[in-house]
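What follows is a single structure, written as structure tokens, with notes after it.
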Amino acid sequence: MPAITLPDQSVRQFDGAVTGTTVAAAIGPGLAKAALAMQVDGQLRDLSFAIEGDAKVRFITRKDPEALEMIRHDAAHVLAEAVQELFPGTQVTIGPSIENGFYYDFARNEPFTPEDFPKIEAKMREIIARNAAFVREEWPRDQAIAFFEEKGERYKAELIRDLPETEVISIYRQGEWLDLCRGPHMRGTGDVGAAFKLMKVAGAYWRGDHRNAMLSRIYATAWRDQKELDAYLLQLEEAEKRDHRKIGKEMGLFHLQEEAAGSIFWHPKGWRLYTTVQDYMRRRLDAADYQEVKTPQLVDRKLWEASGHWEKYREHMFIATVDDESEKDRMLALKPMNCPCHVQIFNHGLRSYRELPMRMAEFGACHRFEPSGALHGIMRVRAFTQDDAHIFCTEDQVPAQTAEFVALLAAVYRDFGFNEFRVKFSDRPEKRAGSEESWDKAEAGLKEACRLAGVEYELNPGEGAFYGPKLEFVLRDAIGRDWQCGTLQVDYVLPERLDAVYVGEDGNRHRPVMLHRAILGSFERFLGILIEEHAGRFPLWLAPVQVAVATIVDEAAPFAKEVAAAFRKAGLSVELDLRNEKINRKVVDHIEQRVPVLAVIGRREAEEGKVVLRRLPGREQVTLTLAEAVATLAAEAAAPDLKPVDVAVA
RNA sequence: GCUGCUGUAGCUCAGUGGUAGAGCACUCCCUUGGUAAGGGAGAGGUCCAGGGUUCGAGUCCCUGCAGCAGCACCA
């Protein structure tokens, strides 16, 4: 006699076991029609699931968040059926729903191409129109394995074999077709609807392991209705316009070319942006009691052997030799990290506990040989500069130093317009240096530090640095990709390997702990994200060209030059536009170039010594004297850390 | 690195095995104008590189390099 409690706390009694379909029908015809699935005591179930005893039941309709995931999962099954119908001999593997859609990995000798999409989509619509019911069956394990093997579905058989013995093997049928699946599913293929679209093909390793075969993956998106789909596609288009590679080209910020794959040619405007950010960071670090240093680019192999990089990291290092007989045995490496060099400075002379925590900062240019497929614009490159620093401190100082660092990072991110970021906690990786005890200590210390700093993080198991666990501060780009920017790593290993010591209060020698930390991560990556975040329309203090001074007539040129010079003297970045073009044209061009302020000088302004300021891409304008214009813009262009603090006026 | 796609003027891109194209940008000329593209002329090419097929290759084939998407990698 199950008593079913509904979300509104009403209770319904039934005789014997009932399915969701029955319960929904008992509640009303509207719900019977709308219900796609249900949640029984918090577990998502098919409507056909038999409820044996008392339970809390909530029905899932198309409006519920769970529905979107089910639409996508069901669409994946439909895709798989369509592909197997069209391309016999293709093996199915897995097809989960993901953010914004789903994918399905197929094993097929010939990979799919986008030209196959219309055909596959048409077949999918056919299957959806058939509206075959999803029917769940439970099979004995051996029978399931034998069935799929007999069908030549090696991958499915392998999946079942690897399921734990206790796991129920469930099969979902949709008409003639069936698939191994945990479920649950909606009522039938018709519930998928029409708002889906195949997006791209890609290779993907079986089980995500590069030693395995490469499968052919089809990515697709699916939504509740056409309106949602259209909105998503529009959003993708908009995101593409923010791509830093595109904007970098349009604004003339930088370029890349194959003779220096993975290294950036910064053009004047891009470099202006870079140095603005660097100057800001330098002031921030100075204020936070860091000391800036500069260490060598090329360092002898001996140091990398001592630090452990030669053993753990060599494949990613650029090695340099000299074509000279007397130097033939010398092997140098371009530094992939700054830490060993910073320890050399720490070790130069005997340190006292009084000097700790010592914060050693460097805008360190590093080179890493990244796999060719990993390179991405300026976000993943082979030559980059970190806003790196190492905090040498005692074990006791770790929590406070961590808290201080997180506060500094958050303040910096805020100044750049990032109010939200994610934090990941990465613990010991397989390939690591140092004892288990030191890892235990480092991980516990970092967790404690997070608790103290009030940092909420997600666990990221096995992804730590080889010398210590790390916090990763993650920002998202325009296309929705996540990038690690800031980081904080606790390291007991390197001080040990490179024999860093300080003299403690007790007069004995002690081992310092090193905190590796970066706020931006690399300038290159951070600038890429910054470009995408602002779509190239930077706040005034960051804009590479802050003001364009444009003339209406040639006669205005002498005064326009004066105006430009006055702006420049006030520290603004100015472009003087004296071209033989109409003002209309100049307005358009500077909007395209994403210049934030246009100063227009016509005959009238030249005579009166005034300036018309227009905020691009807006249309409003104000007329100011030159002195007012300079004062206004100079104040507004001050970096956030240099702006006078607002004082409440009585 | 792996799978697939792409590589033509500074940029965005057409181009059917038979004389290398357009728009924008650039240079010059006309025009001196009042806030979202004024008009005309000109110049500009290692069709990514190397090999092959062919009477003939930007076009077809192979190899390499680079870029793009995804996967793997990411101290």
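Every value quoted in this text rests on a predicted model; they were computed, and no experiment measured them. Reminder, nothing fancy here: chain letters follow the sequence lines and each chain counts from 1.
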*asked:* Does anything in residues 377-388 of chain A come within less than 4.0 Å of RNA chain B? Heavy atoms only, and list the residues if so.
replied: A:G377, A:R380
What is the distance, to the nearest angstrom, from the [atom1] atom on [X] to the [atom2] atom on [N]?
X      : N     : atom1 : atom2 : result
A:K610 : B:U35 : NZ    : P     : 19 Å
A:D577 : B:U35 : CG    : P     : 16 Å
A:F117 : B:G70 : CZ    : C1'   : 12 Å
A:I218 : B:U3  : CD1   : P     : 18 Å
A:D477 : B:A69 : CG    : P     : 10 Å
A:I264 : B:G67 : CD1   : C1'   : 15 Å

*Shortest non-hydrogen contact between A:A80 and A:V92, atoms and distance*: CB-CG1, 4.0 Å
Give a yes or no on whether the ring-centroid distance for [X] and [Y] is below 6.0 angstrom.
X      : Y      : answer
A:F418 : A:F526 : yes
A:Y467 : A:H516 : yes
A:H255 : A:F265 : yes
A:Y104 : A:F106 : yes
A:H367 : A:F384 : no
A:W223 : A:F196 : no

Name the nucleic acid region contacted by [X], choosing base, sugar-phosphate or nothing; use a 4.0 angstrom heavy-atom cut-off, strictly under.
X      : value
A:R245 : sugar-phosphate
A:P114 : nothing
A:E581 : base
A:P336 : base
A:Y467 : sugar-phosphate
A:F112 : nothing
A:V201 : nothing
A:P371 : base
A:R481 : sugar-phosphate
A:Q489 : sugar-phosphate
A:E620 : nothing
A:K312 : nothing

Classify the side chain of [X] versus the base of [N] as yes if they form a donor-acceptor pair under 3.5 Å and no if they do not.
X      : N     : value
A:D554 : B:U32 : yes
A:E315 : B:G1  : no
A:Y205 : B:G1  : yes

*Just by protein heavy atoms under 4.0 Å, how would nucleotides 6-16 of chain B read 5' to 3' in B, S and -?*
-----SS----
Residue matched to [N] through Watson-Crick or wobble contacts both under 3.5 angstrom:
N     : result
B:A57 : none
B:G21 : B:C13
B:A72 : none
B:G42 : B:C26
B:A37 : none
B:U63 : B:A49

*Drop me the distance from A:E121's CD to A:L198's CG, to the nearest 0.5 angstrom.*
4.0 Å
For [X] and [N], is the shortest distance between a side-chain N/O and OP1 or OP2 below 4.0 Å?
X      : N     : result
A:R585 : B:A36 : no
A:H376 : B:A69 : yes
A:Y219 : B:C71 : yes
A:R603 : B:G34 : no
A:R217 : B:G4  : no
A:R211 : B:C71 : no
A:S372 : B:G1  : yes

Determine whether more than 12 heavy atoms belonging to other residues, nucleotides or ligands lie under 6.0 Å from atom [atom1] of [X].
X      : atom1 : result
A:K294 : NZ    : yes
A:E620 : CD    : no
A:K197 : NZ    : no

*Do you know which of A:E436, A:E437, A:E463 makes salt bridge (charged side-chain N to carboxylate O under 4.0 Å, His left out) with A:R428?*
A:E436
*Any side-chain heavy atom of A:K610 within less than 4.5 Å of one from A:R604?*
no
*Selection from B:G33, B:A37, B:C73 that lies nearest to any side-chain heavy atom of A:N580*: B:G33
*Nucleotide nearest A:E592 (side chain, heavy atoms from C-beta), chosen from B:A72, B:A37, B:G34*: B:A37
